[in-house]
Amino acid sequence: MTQAHQGGARGWTGTRKGVLSGLRFTSLRLRLVVVFGLVALTAAVSASAIAYWLNREAVLTRTQDAVLRDFEQEMQNRAGALPERPTQDELQHTAGQMAGSDQRFSVLLVGRDAEGRTVYGSSGGLNGFSLQDVPKSLRTAVNKTQKVDGAAKHPYHLYWQRIVDHDTPYLVAGTRVIGGGPTGYMLKSLEPEAKDLNSLAWSLGIATGLALIGSALLAQAAATTVLKPVQRLGTAARRLGEGKLDTRLRVSGTDELADLSRTFNNAAEALEKRVAEMAARDEASRRFVADMSHELRTPLTAITAVTEVLEEELEAETGSMDPMIEPAVRLVVSETRRLNSLVENLMEVTRFDAGTARLVLDDVDIADQITACIDARAWLDAVELDAERGLHARLDPRRLDVILANLIGNALKHGGSPVRVSVREADESIVIEVQDHGPGIPEDVLPHVFDRFYKASASRPRSEGSGLGLSIALENAHIHGGEITAANSPDSGAVFTLRLPRGTSPEEEQPAEDEPGQESGTDRPQGEDPKGDA
């Protein structure tokens, strides 16, 4: 019985391990449920095993003691009344009487008759309980004469042993009649007790299962109680990451989760204030740049008019300009142009930052637009154009001119002629490549060529460019839904690749009128911004 029970326990344990090995602990809720379940399972199995073992020993011990006591009494009363040399019939009759006791066990009596032959008497007849059913070790112990002393008053004792035969448990006991007489053996089936213990095991197993289910439900409730605030915190953190800085958590209670919610609210409030302060400073900076640019345009207009007059005097053949002041006049003319270009670029940047830049779309022939850009700046001799006419796209001509002027001007200024401009169509997009034949762009500069005011060389912080041209070109590409990338050609020189969609969504198109804060005819930054001056 014990062996069968242990075998079943081993099989159950193997199944449980197989199930747990397939679990993937991917959520805190699952881990809590599993931990609760394991703790409850361990406690329930331990309690059930202890209860089963105690009840098993109690049941078996009680039955065993009653059977042994009855058998010993029968041996004294009935077997002890037999003659020292009994016949087989006497043994058979006495064994039958002994088996009729309240405990209902089988009896085997072994003795020697008057002629010295071994005779047997079994309560079940010739086919009943036999000497072969008694373990050899038990027979040896029963027939062994013990030394009589203060601890052992008799030479023979009662011995017993539990055995399992065909999955049925039995109690076997044996002793000899004191003073001479037959040897008696008893066989008692413990099957009723085994059934009772099996019922108890099933009951304990069901109780264990119910405890496991209850622990799972308790774990689910505990996980919900614990994880619900955590889920709310995660949702609030995601909303905060999405820019909803007014997100707050409802705080209730005084536990650790409530403290965590308060900490989150304090952090969110501090972050909201900080972002608001930064936004206000940024807006003030943008407004300052925009206002400054607008304020500078009026005096710049007057200065530009004066410098144009001075430039005409320089170009005149009469030689009326004093040679001593001619270099100063040329410097004033050059710096005035540079300042005018810088103001125009700053105004363009402020429009992009403020989100007020708009497209004025038109059907544009790409080859004609590039030719016009090159011709307007007298770059025909330094630029090679590889573009088929008839390739049209719906773009803003003015902004496309700004992009091309900056890219081609940058290539001429820092890459060297000839500059090659090629146009091709790819995936419903227009791809324009501007390649020069210069030394290329240093690898550490490539990631920064489109940054505002970036200077590739610290040795020349002041250059002819403002450091805004390439960034303005990139912003103009973005507003079209396009992109500009910079790389080095495997042959030589740098390659700027402009990719623009052939069509722009209708809602982006605006009427052909001046943008807010723009004076007509002035929103045209000139081609500038170098690889080392971006």
Side-chain angles (χ1 to χ4, degrees), residues 1-6 52-82 86 91-92 94-112 118-125 127-198 200:
M1 176 183 66
T2 304
Q3 293 174 353
H5 171 73
Q6 291 175 346
Y52 176 81
W53 179 257
L54 292 177
N55 280 275
R56 177 179 180 275
E57 289 301 312
V59 169
L60 293 179
T61 301
R62 184 173 61 251
T63 302
Q64 173 183 294
D65 291 346
V67 172
L68 294 178
R69 185 170 54 252
D70 193 24
F71 173 66
E72 189 175 19
Q73 185 176 358
E74 291 292 329
M75 285 293 294
Q76 291 176 0
N77 295 337
R78 298 185 183 277
L82 289 172
L91 291 178
Q92 190 78 23
T94 301
Q97 289 180 331
M98 293 173 64
S101 65
D102 295 337
Q103 299 300 325
R104 301 294 180 182
F105 46 75
S106 298
V107 177
L108 173 66
L109 297 178
V110 182
R112 292 185 178 275
T118 301
V119 292
Y120 302 93
S122 176
S123 60
N127 297 325
F129 182 30
S130 64
L131 196 60
Q132 286 74 20
D133 297 327
V134 180
K136 185 177 180 181
S137 59
L138 181 63
R139 282 181 280 165
T140 303
V142 168
N143 292 314
K144 184 178 180 180
T145 303
Q146 303 293 331
K147 182 179 180 181
V148 178
D149 53 19
K153 299 180 180 180
H154 305 287
Y156 300 105
H157 300 283
L158 174 66
Y159 294 93
W160 58 271
Q161 185 175 346
R162 295 175 191 167
I163 62 174
V164 177
D165 186 19
H166 297 90
D167 296 330
T168 301
Y170 291 94
L171 176 65
V172 182
T175 187
R176 294 190 65 174
V177 176
I178 299 174
T183 301
Y185 295 99
M186 178 273 299
L187 180 69
K188 169 66 176 177
S189 174
L190 298 178
E191 186 174 5
E193 288 75 13
K195 290 182 178 179
D196 292 340
L197 292 175
N198 286 336
L200 176 62

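Because the structure is a prediction, the values reported are computed rather than measured. Positions are given from 1 along the sequence.
To the nearest 0.5 Å, atoms OG1 (T94) and CG (L82) are separated by 3.5 Å. Residue M75 holds its CE atom at 12.5 Å from CG of D70, rounded to the nearest 0.5 Å. To the nearest 0.5 Å, atoms OH (Y159) and CG (L68) are separated by 13.5 Å.
Looking at heavy atoms from C-beta onward, M186 lies in side-chain contact with V67 at the 4.5 angstrom threshold. Between T183 and T175 there is no side-chain heavy-atom pair separated by less than 4.5 Å. Counting heavy atoms from C-beta outward, Q161 and V134 have side chains that stay 4.5 Å or more apart. In this structure, V164 and Y170 have side chains that are not in contact, with every pair of non-hydrogen atoms separated by 4.5 Å or more. For the pair V107 and Y185, the minimum side-chain heavy-atom distance is 4.5 Å or more. Using a 4.5 Å cut-off on side-chain heavy atoms (C-beta onward), L138 and W160 make no contact. Between R176 and H157, every side-chain heavy-atom pair lies at or beyond the 4.5 Å cut-off. For the pair Y120/L131, a side-chain contact is recorded, criterion being any heavy-atom separation below 4.5 Å from C-beta on.
Between the side chain of E72 and the main chain of L158, no donor-acceptor pair closer than 3.5 Å is present. Using modelled atom types, no side-chain atom of T168 and backbone atom of E191 make a donor-acceptor pair closer than 3.5 Å. At least one donor-acceptor pair under 3.5 Å links the side chain of N143 to the backbone N or O of R139. Checked by atom type and distance alone, the side chain of D133 pairs as donor or acceptor with a backbone atom of S130 at under 3.5 Å.
Across all their heavy atoms, V172 and P135 have their closest contact at CG1-CD, 4.2 Å. Scanning all heavy atoms of the two residues, the minimum distance from P182 to A79 falls at CD-O, 4.0 Å. Taking every heavy atom of both residues into account, G174 and V142 meet most closely at O-CG2, 3.4 Å. Nearest approach of A99 to S123, heavy atoms of both residues: CB-CB, 3.4 Å. Shortest non-hydrogen contact noted between G111 and L91 is N-CD1, 3.9 Å. Residues R162 and T61 come closest through the heavy atom pair NH2-N, 4.3 Å.
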Practice problem: Quick one: do M98 and L109 satisfy side chain to side chain contact (heavy atoms under 4.5 Å, CB included)? Show the steps, please. | Solution: CA-CA 10 Å; M98 293 173 64; L109 297 178; 4.1 Å; yes

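R78 is linked by a salt bridge (charged side-chain N to carboxylate O under 4.0 Å, His left out) to E74, counting only residues two or more places apart in sequence or in another chain. Shown here are the side chain to side chain donor-acceptor pair (under 3.5 Å) partners of R69, two or more places apart in sequence or in another chain: there are none.
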